[in-house]
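Every chain is numbered from 1 and lettered A, B, ... according to where its sequence line falls, protein lines coming before strand lines.
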Number of protein chains: 2
Amino acid sequence: MAPRTDLAARSALTRRRVLLAAVDLADREGLAALTMRRLAQELEVEAMSLYHHVANKEAVLDGVVEVVVGEIVTAVAGVGPDPAEDWQGALRARILTARQVLLRHPWAPEVIETRTAMNAEIVGYFDGLLGILRAGGFSYDLAHHGMHALGSRALGFTRELFSPADPETGGAEAMATLEQLAGTYPHLAGMLADTAHQDDGVLGWCDDQAEFEFALDLLLDGLDRRLARG
Amino acid sequence: MAPRTDLAARSALTRRRVLLAAVDLADREGLAALTMRRLAQELEVEAMSLYHHVANKEAVLDGVVEVVVGEIVTAVAGVGPDPAEDWQGALRARILTARQVLLRHPWAPEVIETRTAMNAEIVGYFDGLLGILRAGGFSYDLAHHGMHALGSRALGFTRELFSPADPETGGAEAMATLEQLAGTYPHLAGMLADTAHQDDGVLGWCDDQAEFEFALDLLLDGLDRRLARG
DNA sequence: CCAGGCTCCTTACGCTGTACGGGTCACTCC
DNA sequence: GGAGTGACCCGTACAGCGTAAGGAGCCTGG
């Protein structure tokens, strides 16, 4: 029964549409909600229908990374100074732009880190970064080391260790366990006491953006010295 | 039926025994094999019995991190020079020792990065690192930035982006896709050509240990300059 | 002696990814 | 024009996951 004239209305599934829906779903409801059934539901389709456009769930995850990195590639196009004159500035601008994109997809780092193969978008992005270093006078060897040293930071993210799921109560919680153990952890207690009065007090004192830039500049400076050293 | 005199023989389940078995299982068969049923089977027990010693699977994962970091804490005890005289050497020695421990548990980084709360072992380890920086003359503020900059490297690991599951064929595979796209990715192609003749050729040219130390020294040097700068 | 509480087991539920076997459409080619 | 062909989608089913609920045997304290 049920005349399926709605086929056109649903405008036909494509790999692209599946992947965009997956990104959208993860953005709205988190990575855990990204299941094949839920994704299919989002596209008003049955789960098994997805398998005609993607090989399996891994392929979906590969695909969403492709989409997100595509966003990055688009966003970084043309930003920053001329690398031949200021490679540090050029690299810095690109990486901070990439970070802005990833802040819109907080689930993406977790997915990216579980990928084992590159895709065209990623390779292209890295090739661009490498081009900046080369324009700045880097040897292939030093550039290679530099890219490794940047690691995931090159894509604009670093995974914070033990960041509480709920920053609201998480900070206070960590604070409490720390205070009651101040005797056994003198240095942490000291650091806490030192920074407590200059900020709001809880572990929310860590400014992600500032820490990211601090570490990035540390690395860029270090690379610059290696470059000057020859 | 089945007289259960074997209770003593199985020497009674404890939280500790569960966690050690979990670490052992992950070491032997990988993280994917670490399921509640499989773990129970390892301990010659039914899955639900585990829940009398651990709250749930998350608690198991918290626990294995605790065990692994415990190994690290034991391993780093007393290694390296006196931090008051050589904080860089002291920090370096500790971190490289931690790395050795984690190389024995290749699945651990993935678990560690998904934890949201600290445990006593971790806090203790970090307090020790902080102590080294303080002995080296760091302000609490700079030490804090430094710890963030080190990130997971402080525990001896960094997650490589897109490292192939099978390094054997993975490198050659990446190589192949790269070669055929040399035109569109000139810098990567150039780097490949440059390094190909000085090593075995495939992407196995990346020496993890060397890259880790390069980046670590970059950061330590950078911190030293910030320290000297005041 | 026996009540209570650990420990452990059995069963079952809802969820996951996905293999398999269709059914229905748009199109192509004789 | 009618038959075939392939793309697309669905329904059902299975094995495996984490874990809630309840029951059985043993150890210990009153």
Handout entry: N or O in side chain of A:S49 less than 4.0 angstrom from D:dC10 OP1/OP2
Key =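 Answer is yes, contact under 4.0 Å.
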Practice task
Give the B/S/- string for nucleotides 12-23 of chain C, one per nucleotide from 5' to 3', where a protein heavy atom under 4.0 Å of the base yields B, of only the sugar-phosphate yields S, and otherwise -.
Solution key: ----BBBBB---
Handout entry: Test salt bridge (Lys or Arg N to Asp or Glu O under 4.0 Å) applied to B:D24 - qualifying residues, sequence neighbours left out
Key =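 By the salt bridge (Lys or Arg N to Asp or Glu O under 4.0 Å) rule, B:D24 matches B:R28.
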[atom1] of [X] versus [atom2] of [N]: gap in Å, rounded?
X: B:Q41; N: C:dC9; atom1: CD; atom2: P; result: 13 Å
X: B:L50; N: C:dC9; atom1: CG; atom2: C1'; result: 12 Å
X: A:L13; N: D:dC10; atom1: CG; atom2: C1'; result: 13 Å
X: A:E46; N: D:dA13; atom1: CD; atom2: C1'; result: 14 Å
X: B:L61; N: D:dG18; atom1: CG; atom2: P; result: 9 Å
X: B:L43; N: C:dC9; atom1: CG; atom2: P; result: 11 Å
X: A:L39; N: D:dC9; atom1: CG; atom2: P; result: 13 Å

Practice task
Would you please name every residue forming a side-chain hydrogen bond (donor to acceptor under 3.5 Å, both in side chains) with B:Q100, sequence neighbours left out?
Solution key: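 B:Q100 satisfies side-chain hydrogen bond (donor to acceptor under 3.5 Å, both in side chains) with no other residue.
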Practice task
Only pairs at least two apart or in different chains count here, so list each salt bridge (charged side-chain N to carboxylate O under 4.0 Å, His left out) that has a residue in residues 97-111 of chain B.
Solution key: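 Those involving residues 97-111 of chain B are B:E71-B:R104.
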Exercise for the section: Might you confirm whether atom CZ of B:R38 has over 12 heavy atoms from other residues, nucleotides or ligands at distances under 6.0 Å? Expected result: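 Yes, enclosed.
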Practice task
Under the side chain to side chain contact (heavy atoms under 4.5 Å, CB included) rule, collect the residues that match up with B:A210, sequence neighbours excluded.
Solution key: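 Applying side chain to side chain contact (heavy atoms under 4.5 Å, CB included) to B:A210 gives B:D207.
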Handout entry: Those residues that, when tested against B:Y140, pass ring-ring contact (aromatic ring centres under 6.0 Å, His included) (two or more places apart)
Key =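 Partners of B:Y140 by the ring-ring contact (aromatic ring centres under 6.0 Å, His included) criterion come out as none, since no residue qualifies.
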